[in-house]
Amino acid sequence: MWRYRRIIMNVHCPERTPDGIFTAILLNFRRPQNIEILARMLLQVPLIKRVIISNNNPKSNLSRFLRFSHPRLTVLQQPGQRPCAYRYFIARETQGEYFLCIDDDLFLLSSQVQKMCEETLKNPSVPHGMFGQELLKDGTFRYGISRREGRIDILNRIYAFSSPLLVRWHLLLEATGLSHDVEAMRMGWWDDMLLAFSGDSLPVSHDVGPYLDCCTQGEAGIATWREEEFFPSRDRLYKKLRTLRSITDGSIFS
């Protein structure tokens, strides 16, 4: 981790990115110590034109850990707690063409993120990433899949996608009834599942090479996936999304 930090901190973050077309969104909730290093990494990606940090936890004093400013960096201080799904509302407000969202417990090099952005530009009809889960024949999921090139059922942790998919994400939010479910909106740990169904076909995972996990990636009380209802609620939603797609034959997006 310290070697990774040295690499990122010693690379210049250009004030302009002539080829930049992506808006990167980074959320802070329980890992403020990771935000600056991830923001600097994102600012080094040639295809990222701006980085938005949203402090989704008002109890977290992000200014203690985020000690730099940059012309391409915007920091949003939310008045109340916001879930991870809130990044799709931030994305809609920016009116950008392409988006890159990364969780605060995953450490990549700027070159790895650049590759995912490049692949998204080649095929913007589906979301792209490098980590996810696979639906098995018995209806259960295999989790923690990485270093794979090809289709995958659900992406996790990092997501690159185009604005048409963002529009579809919000359509699915309404169609599933989630937007009217106060408790579901408060928890918001299903956003990646909506994105998985927003493309013309399955998402694509890319083998971008080795990566680092934050040491708190699986820590109870910090990691969202350790919440008691996390997996059961997601399984129910996945079944609902598959049913919705089958009975509408995709017409919900027309």
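These values consider heavy atoms only, across backbone and side chains, with no hydrogens, waters or symmetry-generated copies.
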Taking side chain to side chain contact (heavy atoms under 4.5 Å, CB included) as the test, write out the residues that go with Ser60, two or more places apart. Asn28, Pro32, Asn55, Asn57
Any donor-acceptor pair under 3.5 Å linking the side-chain atoms of Gln133 with those of Asn156? yes
Check step by step if side-chain contact (heavy atoms from CB on, under 4.5 Å) holds for Arg168 and Leu194. CA-CA 9 Å; Arg168 289 180 173 186; Leu194 294 190; over 6 Å; no
Locate the shortest heavy-atom distance separating Tyr88 from Asp191; write the atom from each residue and the value. CE1-OD2, 3.1 Å
Cys101 and side chain to side chain contact (heavy atoms under 4.5 Å, CB included): which single residue from Ile25, Ile52, Ile90 fits? Ile25
Using a 3.5 Å distance criterion without hydrogens, assess whether the side chain of Glu149 forms a donor-acceptor pair with backbone atoms of Asp207. yes
List the steps and the verdict of side-chain hydrogen bond (donor to acceptor under 3.5 Å, both in side chains) for Tyr211 and Ser146. CA-CA 10 Å; Tyr211 62 92; Ser146 63; 3.2 Å; yes
Applying side chain to side chain contact (heavy atoms under 4.5 Å, CB included), name anything that partners Gln95, two or more places apart in sequence or on another chain. none
Has His206 got a side-chain atom pairing as donor or acceptor with Val208's backbone, closer than 3.5 angstrom? no
Taken in chain and number order and not counting sequence neighbours, the residues that satisfy side chain to side chain contact (heavy atoms under 4.5 Å, CB included) with Arg186 are Glu183
Is any side-chain heavy atom of Met41 closer than 4.5 Å to a side-chain heavy atom of Ile37? no
Expected output: side-chain Glu15 to main-chain Arg72 donor-acceptor under 3.5 Å: no
With side chains defined as the heavy atoms from C-beta onward, is the minimum distance between Leu43 and Ile48 less than 4.5 Å? no
Side-chain heavy atoms of Leu212 within contact of Leu108, under 4.5 Å: no
Check for a donor-acceptor pair, side chain of Arg82 on one end and backbone N or O of Asn56 on the other, with a separation under 3.5 Å. no
Just verifying a value: how many Å separate Ile152 CD1 and Ser205 OG, rounded to the nearest 0.5 Å? 4.5 Å
Applying side-chain contact (heavy atoms from CB on, under 4.5 Å), run through Thr74 and Val51 and close with a yes or a no. CA-CA 6 Å; Thr74 300; Val51 177; over 6 Å; no
Validation row: Lys49, Ile21 side chains within 4.5 angstrom (heavy atoms): no
Correct closest heavy-atom pair for Pro83 and Met185 would be CG-O, 3.2 Å
Min side-chain heavy-atom separation Gln112-Met130 under 4.5 Å: no
Does a salt bridge link Lys115 with Glu118, judged by any charged N lying under 4.0 Å from a carboxylate O? no
In terms of relative ring orientation, are Tyr143 and Phe141 parallel, tilted or perpendicular, with 30° and 60° separating the classes? tilted
Where is the tightest heavy-atom contact between Glu174 and His180, given as atom of each residue plus distance? OE1-NE2, 3.4 Å
Connected via hydrophobic side-chain network under 4.5 Å: Val204 and Leu47: no
So, for Pro46 and Gln114, which heavy atoms are closest and what is the spacing to 0.1 Å? CD-OE1, 3.2 Å
Do Leu155 and Leu237 share a hydrophobic cluster, counting only Ile, Leu, Val, Met, Phe, Trp and Tyr and linking them when any side-chain heavy atoms are less than 4.5 Å apart? yes
Quick one: does Leu76's side chain get under 4.5 Å of Tyr86's, heavy atoms only? no
What's the separation between atom CZ in Phe131 and atom CZ in Arg147, rounded to the nearest 0.5 Å? 12.5 Å
Quick one: side-chain hydrogen bond (donor to acceptor under 3.5 Å, both in side chains) pairs with a partner in residues 17-27, sequence neighbours left out? Thr23-Arg50
Single-linkage hydrophobic cluster, 4.5 Å side-chain cutoff, Met193 and Leu244 together: yes
Inter-residue atom distance Leu171.CG - Phe197.CZ, 0.5 Å rounding: 15.5 Å
Under a 4.5 Å side-chain heavy-atom rule over Ile, Leu, Val, Met, Phe, Trp and Tyr, are Leu62 and Phe29 clustered together? no
Determine, stepwise, if the pair Arg3 / Ile7 fulfils side-chain contact (heavy atoms from CB on, under 4.5 Å). CA-CA 6 Å; Arg3 183 170 177 266; Ile7 292 172; 4.3 Å; yes
Could Arg87 and Asp103 be called an ion pair, given the rule that one side-chain N must be under 4.0 Å from one carboxylate O? yes
Identify whether Phe107 and Met9 are in the same connected component of the hydrophobic contact network (ILVMFWY, side-chain heavy atoms under 4.5 Å). yes
Side-chain donor or acceptor of Trp190 paired with backbone N/O of Ala85 under 3.5 Å: no
Between the CG atom in Leu38 and the CG atom in Leu66, the distance rounded to the nearest 0.5 Å is 11.0 Å
Can you tell me if Asp104 uses its side chain to pair, donor with acceptor, with the backbone of Asn34 under 3.5 Å? no
Would you indicate whether the side-chain heavy atoms of Ile102 and Leu42 approach each other to under 4.5 Å? yes
Cation over ring, Arg40 on Phe68, under 6.0 Å and within 45°? yes
Restricting to non-hydrogen atoms, name the atom on Gln78 and the atom on Ser54 that form the minimum distance, rounded to 0.1 Å. NE2-OG, 3.0 Å
For Asn123, give me all partners under side chain to side chain contact (heavy atoms under 4.5 Å, CB included), at least two apart in sequence or on another chain. Ser125, Val126, His128, Arg151
Asp235 with Lys240: basic N within carboxylate O range, under 4.0 Å: no
Distance-only donor-acceptor hits, side chain of residues 158-167, under 3.5 Å, sequence neighbours excluded:
residue, atom, partner, partner atom, Å
Tyr159, OH, Arg157, N, 2.9
Ser162, OG, Pro124, O, 2.8

Answer whether the closest heavy-atom distance between the side chains of Tyr4 and Leu109 falls below 4.5 Å. yes
Return the CZ to CG distance between Arg236 and Leu241, rounded to the nearest 0.5 Å. 13.0 Å
Heavy-atom closest contact (Gln77 atom, Pro58 atom, distance): NE2-CA, 3.8 Å
Gln33 and Phe65: CA distance, side-chain angles, deciding distance, side-chain contact (heavy atoms from CB on, under 4.5 Å) verdict: CA-CA 6 Å; Gln33 70 276 11; Phe65 301 90; 4.0 Å; yes
Working to the nearest 0.5 angstrom, can you tell me the gap between Met187 CE and Leu178 CG? 13.0 Å
